[in-house]
Amino acid sequence: MKQEKRVLVIIPAYNEAENIVHVVRHMMEEAPQYDYLVINDGSTDNTLDLCRGENFHYLDLPINMGIGGAVQAGYVYARKYDYDIAVQMDGDGQHDIAYLDRLLEPLINREADVVIGSRFLEKEGFQSSASRRMGIHILSALIWLTTGKHIMDVTSGYRAVNKMFIKIYSEDYPMDYPEPEAIVAAFMHLGRVKEVPVQMRARAGGISSINFKKSIYYMIKVTLAIVICRMGYGIRRGKRDDI
């Protein structure tokens with residue numbers, strides 16, 4: 001694909017010492033035309049030391065901000081340095097850089113403002129556990145009820161946005177388990193959201209931050225956040241916030 005736009009890949013990392021070197025090296029080898037920034041989210045392991053030792057491009061947050069705060073810091077950086085597109089890619093090895101161009105294509109062709117890498121469109125690769133898939137389907141139905149839009153993989157952290165949403169998300173981004181709420185916010189800003197098929201892997205190493213108890217909290221919190229987000233924005237009419 002002919003690359004004319006400046007792209008920043010944001011890689012949030014909290015205690016990803018087992019994965020971060022492989023993730024960044026693989027990206028540098030397979031997609032050297034794109035810039036990247038590791039956001040070290042107050043890790044208590046040696047994630048930061050590895051980033052320093054490998055001379056990676058990184059931003060070190062002094063405290064743990066959570067996934068939303070780390071990603072928003074990346075959007076602030078992307079806006080400050082005038083990137084055209086920002087991509088979110090997890091630091092745990094689940095997201096395959098081979099699908100990056102597929103995410104970028106609808107943005108470059110001006111067909112979408114937000115593009116989500118969905119593991120459920122072609123149902124190939126790692127599909128997550130049955131219980132998590134059930135939760136995802138519930139949240140997908142809730143987003144459809146509140147926005148009238150159907151998104152299948154609402155928790156996917158593999159997504160890309162254009163300059164319009166770099167600005168929006170740099171100013172206001174959900175803090176805790178942000179992915180579904182960020183989709184609702186995109187629709188409320190009249191954004192064009194598109195899913196593209198990708199394959200994901202199981203976590204390469206380390207431990208997921210979401211256990212059974214947190215899963216219950218996640219569902220309650222995200223459900224309330226989606227409803228409040230929808231009520232807070234109301235129905236926006238008129239022109240989009242294009243830059």
Side-chain angles (χ1 to χ4, degrees), residues 5 7-8 10 12 39 65-80 82-90 103-121 135-196 198 217-243:
K5 293 183 179 294
V7 176
L8 176 69
I10 301 165
I39 311 293
M65 297 291 292
I67 182 63
V71 170
Q72 186 176 19
Y75 282 124
V76 171
Y77 182 97
R79 182 180 180 185
K80 179 178 180 180
D82 198 32
Y83 282 90
D84 299 298
I85 294 173
V87 179
Q88 299 171 218
M89 187 178 78
D90 289 353
L103 255 69
L104 297 179
E105 188 171 1
L107 299 175
I108 293 173
N109 293 336
R110 299 180 180 271
E111 298 169 353
D113 305 299
V114 177
V115 180
I116 299 170
S118 174
R119 74 202 105 171
F120 302 138
L121 290 179
I136 291 168
H137 293 327
I138 293 171
L139 293 175
S140 177
L142 180 60
I143 289 176
W144 178 79
L145 287 172
T146 54
T147 69
K149 307 292 185 179
H150 185 214
I151 299 295
M152 294 182 66
D153 200 347
V154 297
T155 65
S156 171
Y158 198 13
R159 54 184 67 182
V161 308
N162 62 10
K163 183 170 284 192
M164 169 180 156
F165 274 90
I166 289 175
K167 178 179 183 295
I168 289 170
Y169 286 157
S170 70
E171 295 174 349
D172 185 14
Y173 195 77
M175 288 293 103
D176 198 15
Y177 310 121
E179 290 88 359
E181 190 179 348
I183 293 172
V184 175
F187 285 130
M188 294 303 98
H189 283 280
L190 306 182
R192 298 165 299 164
V193 181
K194 181 175 182 177
E195 288 185 280
V196 298
V198 301
Y217 167 76
Y218 174 94
M219 289 299 298
I220 296 172
K221 189 269 179 190
V222 174
T223 297
L224 291 173
I226 288 173
V227 173
I228 292 170
C229 179
R230 179 63 179 86
M231 293 173 61
Y233 281 105
I235 300 175
R236 296 189 54 147
R237 301 184 185 276
K239 297 178 64 177
R240 288 156 28 95
D241 297 330
D242 292 280
I243 297 176

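Just the heavy atoms: all of them, side chains too, but no hydrogens, waters or symmetry mates, feed the values below. Please read these numbers as outputs of a predicted model, since none were measured by experiment.
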* To do: Determine the interplanar angle of the F120 and H137 rings, folded into 0 to 90°, and report it as parallel if under 30°, tilted if 30 to 60°, perpendicular if over 60°.
  =>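 Because their plane-to-plane angle lies in the 30° to 60° range, the rings of F120 and H137 count as tilted.
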Can you name the nearest heavy-atom pair linking [X] to [Y], along with the distance?
| X | Y | answer |
| --- | --- | --- |
| A112 | L107 | O-CD2, 3.3 Å |
| R159 | A182 | NH1-CB, 4.0 Å |
| A186 | V193 | CB-CG2, 3.8 Å |

Inter-residue atom distance [X].[atom1] - [Y].[atom2], 0.5 Å rounding:
| X | Y | atom1 | atom2 | value |
| --- | --- | --- | --- | --- |
| D153 | L121 | CG | CG | 8.0 Å |
| M188 | I183 | CE | CD1 | 12.0 Å |
| N162 | L104 | CG | CG | 11.5 Å |
| I85 | D113 | CD1 | CG | 11.0 Å |
| K194 | E105 | NZ | CD | 7.5 Å |

* Short N-O contact, E171 and R79, less than 4.0 angstrom ->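 Result for this pair is yes, salt bridge flagged.
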* Compare all side-chain heavy atoms of K163 with those of D82 and state whether any distance is below 4.5 angstrom. =>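 Touching, per the 4.5 Å side-chain cut-off.
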* How about H189 and F165: do any of their side-chain heavy atoms sit closer than 4.5 Å? ->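 Yes. Closest side-chain heavy atoms under 4.5 Å.
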* Sidechain-backbone polar pair: E195 side chain, M152 backbone, donor-acceptor under 3.5 Å ->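 Side chain of E195 to backbone of M152, a donor-acceptor pair under 3.5 Å: yes, one is there.
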In a table with atom names and distances, give each donor-acceptor pair under 3.5 Å that connects a side chain of residues 66-77 to protein atoms at least two apart or in another chain.
from, atom 1, to, atom 2, distance (Å)
Q72, NE2, S170, O, 3.1
Y75, OH, Q88, OE1, 2.6

* Asked: Hey, which of V115, V161, I116 is the one that makes side chain to side chain contact (heavy atoms under 4.5 Å, CB included) with L103?
  ->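 So the option named by the test is V115.
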* Apply side-chain contact (heavy atoms from CB on, under 4.5 Å) to the pair I10 and Y83, showing each step before the final yes or no. => CA-CA 12 Å; I10 301 165; Y83 282 90; over 6 Å; no
